[in-house]
2 protein chains.
Amino acid sequence: MGSGNEAWLEQARREVPPRKLAKQMAIASAACGVFGREGYARASVDTLAAEAGISTRTLYNHFPGGKAELFRTVVSWTSGEVAQAQLARMAAVLDPERPPRAEDLERELVALARAFVGLLADYPNHFALVRHIHAEVDHVPAEVLAAWRDAGPGAAGRALADAMASLAAAGLLDVHGDPALAAQHFLALTSHLIVQLSSYGVLPLAPAEADRLITGGVAAFVRAYRAA
Amino acid sequence: MGSGNEAWLEQARREVPPRKLAKQMAIASAACGVFGREGYARASVDTLAAEAGISTRTLYNHFPGGKAELFRTVVSWTSGEVAQAQLARMAAVLDPERPPRAEDLERELVALARAFVGLLADYPNHFALVRHIHAEVDHVPAEVLAAWRDAGPGAAGRALADAMASLAAAGLLDVHGDPALAAQHFLALTSHLIVQLSSYGVLPLAPAEADRLITGGVAAFVRAYRAA
DNA sequence: ACCGAACTACAACGAGCGTTGCACTTTTTA
DNA sequence: TAAAAAGTGCAACGCTCGTTGTAGTTCGGT
């Protein structure tokens, strides 16, 4: 031991081994499916380990806190992933630098709503998990809940509010002094409504019916918020 | 035994003892709180019995199917109760025989939205249970789910659609050919939005903020659906 | 090829759960 | 008041689960 040992310690402390991180994300990804399918109480450690293709002992090596720590990790991890995807879709449809022409507004908003609703189909595990978070809100640590809220619905809401403000600045919408509320109303009339009627994507909703709901919701939104 | 015994049997079969029914409803009422607080998996039979003030053995005497049968009973029982309350509030605000004057329309709709949102505070156990139903949709028997859906949100949606049709017939609203969709949009802009932002009533939402959401939602609805 | 780290299989533990049977007490009812 | 119905307390069963220790195995980096 001596200077060599010290150098090693210093390096180990500095560099977070990427190998471990990748494995932990793989475990968390698999756990997201299990927690979403079974819920926290029903999900057994054996099932979680099996779904990740590892032994229970390895799971405890990576997450010394056991099931609880794994759950916390999964919640913050998937929220970030899905929120990022949502922001990406929003940026793809609504470029704040180039506001749409007035006659294209409704078409663009329909595209945006379709993109949001598509998230439900593309991340079923995540939204199943969200259902359980809603249900077990009393048993989830407050800090975890706050972090999830901020990274998930909060981030999306803020970004959409900015987009609404942009459209208002371009003279396409009249947000009636509250772009954040306009953003919430847009979500309520489109994705929230579909979430409600399809029971979080569990009930099969005919594509034609979903489209009718989306276009109808956007039409109502435009009637309520179009610039006079 | 003999003719006396036969008469007794006949009577017993004819009359459903009201005593048992009352007790079972009391048990179910207490169980609603426990299931809502803990969820199905976490709720233990001991807790359910203690909350109802009975022994576990008595619980099994009333519900031979055990926890599962009790849960099924609770779901259908509370759904009916709350749906009935919701219909009552709707009838109290919107009398189909006497449509409001045009200048009172928005005020009446705000009153209706407030009545709906008030359900959240008045039946917290029920809505906590609904959260768990949503989360465990895969583990709830399909028949129970269908019955709940029909008695709960379904009944309310149909009644509200009728009310919207009435308002349209009175020349106060333009439902754009789909009174049911207008009803869903009303719910989405008012109670659904508040449910979402307050996490099913768990997050404390300042009364002033709730009121701002309600009036803002109704205002947007009126802008989208007022008769031209 | 080697060394250390990561991983596995296996067994065990303590606790909690749903459920049932049994003997006993209380309440209702005729 | 006496029979019958309803309720109680207790013990026990079998099962699942979370978690940990240990000894042996595989694997990545040098």
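Naming convention: chains lettered A, B, ... in sequence-line order (proteins, then strands); numbering from 1 in each chain.
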Once you round it to whole Å, what is the distance between [atom2] of [N] and [atom1] of [X]?
X: B/Phe71; N: C/dC17; atom1: CZ; atom2: C1'; value: 18 Å
X: B/Lys23; N: D/dA6; atom1: NZ; atom2: P; value: 11 Å
X: B/Leu48; N: C/dC17; atom1: CG; atom2: P; value: 11 Å
X: B/Ile27; N: D/dT8; atom1: CD1; atom2: C1'; value: 14 Å
X: B/Asp46; N: C/dT19; atom1: CG; atom2: C1'; value: 11 Å

Results of side chain to side chain donor-acceptor pair (under 3.5 Å) for [X] - residues two or more places apart only:
X: A/Glu108; answer: none
X: B/Asp46; answer: none
X: B/Asp211; answer: B/Arg114

* To do: Describe the nucleic acid contact of A/Ala41 in one word from base, sugar-phosphate, nothing, applying a heavy-atom distance below 4.0 Å.
  =>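 No contact at all - A/Ala41 keeps every heavy atom at 4.0 Å or more from the nucleic acid.
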
Would you give me the side-chain donor-acceptor pairs under 3.5 Å for residues 149-166 of chain B, sequence neighbours excluded?
residue  : atom : partner  : partner atom : Å
B/Arg149 : NH1  : A/Ser199 : OG           : 2.9
B/Arg149 : NH2  : A/Ser199 : OG           : 2.8
B/Arg158 : NH2  : B/Asp150 : O            : 3.3
B/Ser166 : OG   : B/Asp162 : O            : 3.3

* salt bridge (Lys or Arg N to Asp or Glu O under 4.0 Å): pairs with one or both residues in residues 186-200 of chain A, sequence neighbours excluded ->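 Output for this query is empty, none listed.
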
* Asked: Where along residues 55-69 of chain A does a heavy atom come under 4.0 Å from DNA chain C, residue by residue in number order?
  ->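 Residues of residues 55-69 of chain A under 4.0 Å from DNA chain C: A/Ser55, A/Arg57, A/Thr58, A/His62.
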
* Which residue, B/Leu193, B/Ile194, B/Val195, forms the side chain to side chain contact (heavy atoms under 4.5 Å, CB included) with B/Leu197? ->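 Exactly one candidate clears the test, B/Leu193.
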
